[in-house]
Structures are given as C-alpha cells and as structure tokens.
Asks: 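My questions all concern the structure below.
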There are 2 protein chains.
Amino acid sequence: MKEIQLDFNDIKECPHSFVMAVNDTMNVLTGKWKLPIMATLIFGKKRFKEIEREIPRITPRMLSKELRELELNGIVKRTVHDSIPVSIEYEFTTSGRAIKHVLDAMVEWGLEHRQAVLNRH
Amino acid sequence: MKEIQLDFNDIKECPHSFVMAVNDTMNVLTGKWKLPIMATLIFGKKRFKEIEREIPRITPRMLSKELRELELNGIVKRTVHDSIPVSIEYEFTTSGRAIKHVLDAMVEWGLEHRQAVLNRH
DNA sequence: CTGTATCCTCCGAGATACTG
DNA sequence: CAGTATCTCGGAGGATACAG
C-alpha cells in the first residue's frame with residue numbers, strides 16, 4: 001500500500017493541498033487494473049467472479065489486491081452476504097462514483113488533444 | 001516510447017474512442033516526473049537547466065527523457081535559439097496547456113474525496 | 001466462490017560518468 | 001549549457017498452485 005509521492009512540493013506556485021489532491025487522485029487512477037475494475041462497477045454491484053470474468057487476462061491475485069486497495073482508499077464498498085455459500089459484492093462509494101467527473105475531463109481533453117495533433121498533420 | 005495499454009477494450013459500455021482518450025490522457029500524467037515538469041512550465045517558457053533547478057532530485061537523464069516524450073506527445077514545444085551558446089526553450093503547446101482542465105477536475109475530486117473520507121471518521 | 005502464497009520477470013528510474 | 005551512455009536495482013505485475 002505504498003504512497004505515490006510526487007516530488008513537486010517545493011514548487012511555490014502549487015498550494016500544498018492542491019498537490020495532495022492531485023496525488024490522491026492519481027493514486028486511484030494509476031496501475032494497470034484500477035480503471036478497468038472501476039469500469040465494471042459503473043452500472044452497479046458486482047461479485048468478485050463477475051468482475052474477473054469481465055476483465056480479460058486479470059489474475060485473482062491482482063483483482064484481490066486492487067479491490068483491497070480501492071476499498072482502503074474509500075472508492076469501493078465491500079459487502080459480505082452470509083448466504084450459503086457466502087457471496088461478496090463490490091460497489092462504488094458515493095465519493096468513488098464521483099471520480100467519473102475526472103474521467104469526463106480526461107475524455108474531453110483526450111479527444112480534443114488527439115484532434116489538435118491530427119490537425120497539424 | 002511505449003504505449004500504456006489499458007485492458008478494458010472489451011467492456012461494451014465504454015466506446016472505444018473514450019477509452020483511447022482516457023489512455024492518451026493517462027499517458028501524459030503517469031510517471032514520476034511529468035506532472036512536476038508541467039508544473040514548472042505553467043508560467044511560461046523555461047530552459048533545460050532552469051527546469052532542472054526547479055525540480056529537486058531530478059536527473060538530466062530523466063528530464064531529457066520526459067521532455068522528449070512530452071514533445072512527441074504534442075504537450076510541449078521545443079525551440080532552439082541559435083545564439084552563442086545555443087539556448088533551448090520548452091513551453092506548453094496550446095493543447096498541452098489545456099490539460100489544466102483535467103488537473104482542475106483532479107484537484108476538485110481529490111479535495112472532496114478527502115473530506116468525504118474524513119467525515120466518516 | 002473468494003481469495004492467498006510463492007516464485008519469477010521485466011522495466012521505470014537512480015547513480016555516475018561522459019560528450020559536443 | 002543541453003544533453004547521452006552504462007550500469008544497477010526495487011517493485012509492479014505475471015504464473016501457478018493452493019486454501020477456506
């Protein structure tokens with residue numbers, strides 16, 4: 001559970017709280033599997049095996065690890081239903097779901113940037 | 001110059017162009033030094049040595065590598081002034097500067113999320 | 001079904017020295 | 001000043017097997 005530590009704390013124009021906020025956000029977005037996992041949860045609760053099935057090539061080790069990290073970071077909620085056999089469901093927290101606004105900004109910039117690059121050939 | 005390849009192309013709810021756009025954006029934000037480098041360019045052109053001085057602990061190797069990558073991705077423009085000795089300046093492209101909108105969204109979410117996490121202790 | 005435990009590989013990044 | 005060339009290493013992530 002290591003913290004990514006961006007090293008521009010000394011740049012005077014960046015208030016420390018802004019830098020921390022960007023750090024927090026990057027923490028939730030970086031790594032190979034976090035975005036794919038979040039994508040599977042957009043339309044509601046899912047069980048471990050469902051998520052695993054929807055993400056080609058992910059291993060249970062990585063899925064477990066990333067879900068635990070997302071839970072610790074308050075992005076997803078894990079619920080144990082003690083049926084037989086037990087089933088476990090993952091879903092976004094309210095705050096976790098709101099990261100969609102960041103993704104929207106990324107989509108918008110990404111599309112515009114690709115267009116801008118194409119326009120100069 | 002490897003491309004980060006997010007592996008959720010098969011998730012039907014994500015239009016491929018949106019996935020590509022998020023990929024493009026992540027490409028520009030990930031890694032240890034890209035954000036610090038961009039932060040130094042917010043207020044205008046800078047020379048290699050100036051950027052190096054403003055970012056503690058970065059090595060010329062990494063600065064060179066990241067600047068080249070940002071240039072190839074159309075984020076920064078590199079200008080050679082053939083004075084004696086030559087001086088070289090780096091600055092945002094128009095499209096590169098616009099990534100600030102993404103950072104704004106990240107700051108907003110990051111601050112709100114931190115607050116949300118604190119509120120439930 | 002919902003994960004852990006081991007072992008292993010590869011690459012991002014650091015250290016250091018050098019070049020035009 | 002504006003970089004490049006080597007060498008090295010830790011850690012993210014993969015493969016495979018196993019557990020409750």
Side-chain angles (χ1 to χ4, degrees), chain A residues 1-10 23 26-38 40-41 45-73 76-91, chain B residues 1-8 23 26-38 40-41 45-73 76-91:
Chain A
M1 218 58 51
K2 123 163 168 251
E3 286 197 28
I4 295 176
Q5 185 66 11
L6 298 185
D7 286 351
F8 51 121
N9 304 286
D10 308 82
N23 268 268
M26 286 303 289
N27 244 296
V28 167
L29 298 179
T30 54
K32 188 170 181 179
W33 301 111
K34 293 206 190 71
L35 276 166
I37 291 170
M38 291 193 279
T40 68
L41 296 179
K45 304 174 201 272
K46 289 261 166 66
R47 301 177 59 173
F48 190 91
K49 201 65 179 180
E50 291 179 293
I51 303 174
E52 191 181 351
R53 264 193 298 266
E54 290 189 26
I55 303 179
R57 287 177 299 284
I58 196 170
T59 60
R61 178 174 116 80
M62 289 313 294
L63 181 53
S64 170
K65 187 167 160 293
E66 299 293 44
L67 281 171
R68 197 182 319 130
E69 200 168 331
L70 289 170
E71 193 193 353
L72 274 169
N73 283 331
V76 306
K77 187 157 63 95
R78 179 180 183 273
T79 311
V80 180
H81 302 277
D82 39 341
S83 48
I84 299 176
V86 296
S87 97
I88 298 189
E89 287 186 319
Y90 293 91
E91 63 187 313
Chain B
M1 219 58 50
K2 116 155 174 269
E3 286 197 27
I4 294 177
Q5 185 67 9
L6 297 185
D7 287 351
F8 52 120
N23 268 269
M26 286 303 288
N27 244 297
V28 167
L29 297 178
T30 53
K32 188 170 180 180
W33 300 112
K34 292 205 192 69
L35 276 167
I37 290 170
M38 291 192 278
T40 68
L41 295 179
K45 305 175 200 271
K46 289 260 167 67
R47 301 177 60 172
F48 189 92
K49 202 65 180 181
E50 290 179 293
I51 303 173
E52 191 181 352
R53 264 192 298 267
E54 289 188 29
I55 303 178
R57 289 176 299 285
I58 196 170
T59 61
R61 178 174 116 80
M62 290 312 294
L63 181 53
S64 170
K65 186 166 160 294
E66 300 293 44
L67 280 171
R68 196 181 320 130
E69 200 167 331
L70 289 170
E71 192 192 354
L72 274 168
N73 283 330
V76 306
K77 187 158 63 95
R78 179 178 184 274
T79 311
V80 181
H81 302 277
D82 38 341
S83 48
I84 300 175
V86 297
S87 99
I88 298 187
E89 287 186 319
Y90 294 91
E91 64 188 311

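The chains referred to below are lettered A, B, ... by the order of the sequence lines, with proteins before strands, and numbering in each begins at 1. Remember, predicted model here, so these are calculated numbers, not experimental data. Worth knowing before you read on, the calculation uses all heavy atoms, side chains too, and leaves out hydrogens, waters and symmetry mates.
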Asks: Can you tell if the side chain of B:T79 reaches within under 4.5 Å of the side chain of B:Y90, non-hydrogen atoms only?
Replies: no
Asks: Within the 4.0 Å heavy-atom criterion, would you say A:R53 contacts the bases, only the backbone, or no part of the nucleic acid?
Replies: nothing
Asks: Report, one pair per line, the protein and nucleotides 4-7 of chain D atoms (nitrogen or oxygen only) whose separation is under 3.5 Å.
Replies:
unit_1 : atom_1 : unit_2 : atom_2 : d
D:dT4  : OP2    : B:S64  : OG     : 2.4
D:dT4  : OP2    : B:R68  : NH2    : 2.7

Asks: State which residues pass salt bridge (Lys or Arg N to Asp or Glu O under 4.0 Å) with A:E71; sequence neighbours excluded, sorted by chain then number.
Replies: none
Asks: Judged by atom type as modelled, is there a donor-acceptor pair below 3.5 Å linking the side chain of B:K65 to the main-chain atoms of B:R61?
Replies: no
Asks: What integer distance in Å separates A:E50:CD from C:dG3:P?
Replies: 13 Å
Asks: Whole-Å distance between D:dG3 P and B:E89 CD?
Replies: 12 Å
Asks: To the nearest Å, how far apart are A:K32 NZ and C:dC11 C1'?
Replies: 12 Å
Asks: Could you check how far CD of A:E52 sits from C1' of C:dT4, rounded to whole Å?
Replies: 14 Å
Asks: To the nearest angstrom, how far is B:E66 atom CD from C:dA13 atom C1'?
Replies: 9 Å
Asks: Any salt bridge between B:E54 and B:K46, counting N to O under 4.0 Å?
Replies: yes
Asks: Between the opening five pairs and the closing five pairs of the helix from C:dC1-D:dG20 to C:dG20-D:dC1, how far apart are the helix axes, to 10°?
Replies: 50°
Asks: Within this structure, what is the CD1-to-C1' distance between A:I58 and D:dA12, rounded to whole angstrom?
Replies: 13 Å
Asks: Rounded to whole angstrom units, what separation is found between the CE atom of A:M62 and the P atom of D:dA15?
Replies: 11 Å
Asks: Let me confirm one number: the CZ-CE distance from B:R57 to B:M62, rounded to the nearest 0.5 Å.
Replies: 14.0 Å
Asks: What is the distance, to the nearest angstrom, from the CG atom on B:N27 to the P atom on C:dG12?
Replies: 11 Å
Asks: Nearest 0.5 Å, what's the NZ-CD distance between A:K77 and A:E89?
Replies: 10.0 Å
